[in-house]
Amino acid sequence: MTQTLKRRLAALELATDGVLTPLSGGDSGAGLWRVDGTTPCIVKQDSPQRVAGEADGLRALGDACRDLIVPAVLAEDGDLLVMEALDGTGPRDAAALGAGLRQMHRDSREAGAEHGWPRDNACGLTPQPNASLADGRVFQRERRLLPLVRLCREQGLLDAALAERIERLAESLESWLPDVSPSLVHGDLWSGNVLFTPTGPAIIDPAIYRHYPEVDVAMLTLFGGPGDAFFEAYWNGERPADWERREALFQLYPLLNHLYLFGPGYLGSVSRVVDRVLAG
């Protein structure tokens, strides 16, 4: 495999003088290597559709971010994606992460734009439908919550009672969640997809689309928390009064995805965030 990979990199006119070090492919199961040579890079091998979706996301984030670092796409070739390698040994700067994410969400917001994205992509191993809809509440219901409820039901991971409660929650969004002009969102911004480089925070492994910006903030709090400095910089005095309810809503989709991918260990978390949203 190493020699084949080196030949393919050479054909793309990328340096192959360095050592190829296998890395964990994470939840996606993709092949992943770091090349430490003249041009340090990360090489990912995955399905052509997933490679194209990730490359598209990295380019869109790179265009939208002024203050956050996004690895450059160096080459895209069928099932192979070659990206700039980043140094994740910098100091943790939660305030810079908050300010950078705020800038990306604010500057990418487009009045009159639809929620969604021109192409489908994936969140982890799960296909992510992104066909655009004008109303963000409808998008959250029809493109995020209900498709995963159906998938989890098909796998026997959700009982009828909890599925009905999620469906009721999804149908109630117009009663409390205002529609907004969508922002570009990373889409899978858990802490493992944030790197603190010597020159500032970076974001990697996107699953982008346009939607409520709180999608990214809720994901950052799902398995821990980015800290007070992050929130002070991100909200900048504009924290929504119903943030706790929005946080629970936007954590439901990734938790359903984890339930679908990893099994019933996430069932309790799904039930708890449903309780929080329905409690108002």
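Side chains are part of it too, since the values below use all heavy atoms of this structure and drop only hydrogens, waters and symmetry mates.
In this structure, the side chain to side chain contact (heavy atoms under 4.5 Å, CB included) partners of Asn236, at least two apart in sequence or on a different chain, are Arg102. For Ser183, the side chain to side chain contact (heavy atoms under 4.5 Å, CB included) partners are His105, Ser108, Arg109, Pro213, not counting sequence neighbours. Partners of Glu174 by side-chain hydrogen bond (donor to acceptor under 3.5 Å, both in side chains), not counting sequence neighbours, listed by chain and number: Arg141. Here Asp159 pairs with nothing under the side-chain hydrogen bond (donor to acceptor under 3.5 Å, both in side chains) rule; sequence neighbours left out. With sequence neighbours left out, Ser175 forms a side chain to side chain contact (heavy atoms under 4.5 Å, CB included) with Ser172. Taking Asn121 as the reference, Gln128, Asn130 meet the side-chain hydrogen bond (donor to acceptor under 3.5 Å, both in side chains) condition, with sequence neighbours excluded. Scored by the salt bridge (charged side-chain N to carboxylate O under 4.0 Å, His left out) test, Arg210 finds Glu110 as partners (sequence neighbours excluded). Residues meeting the side chain to side chain contact (heavy atoms under 4.5 Å, CB included) test with Glu164, sequence neighbours left out: Arg168. Contacts of Thr21 classified as side-chain hydrogen bond (donor to acceptor under 3.5 Å, both in side chains), with partners at least two apart in sequence or in another chain: none.
In this structure, Arg34 contributes its side chain and Pro40 its backbone to no donor-acceptor pair below 3.5 Å.
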N/O donor to acceptor pairs below 3.5 angstrom from side-chain atoms of residues 270-278, sequence neighbours left out:
unit_1, atom_1, unit_2, atom_2, d
Arg272, NH2, Ser269, OG, 3.3
Asp275, OD1, Arg165, NH1, 3.3
Asp275, OD1, Arg165, NH2, 2.6
Arg276, NH2, Glu244, O, 3.1
Arg276, NH2, Glu247, OE1, 3.0

Can I get a per-line list of side-chain donor-acceptor pairs under 3.5 Å for residues 70-77, giving both atom names and the distance, sequence neighbours left out?
unit_1, atom_1, unit_2, atom_2, d
Glu76, OE1, Arg59, NH1, 3.1
Glu76, OE1, Arg59, NH2, 3.3
Asp77, OD2, Arg8, NH2, 3.2

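For residues 184-208, every residue pair satisfying the salt bridge (Lys or Arg N to Asp or Glu O under 4.0 Å) rule, not counting sequence neighbours, is listed here: Lys44-Asp205.
Classification of the His115-Tyr212 ring pair by plane angle, with boundaries at 30° and 60°, yields tilted.
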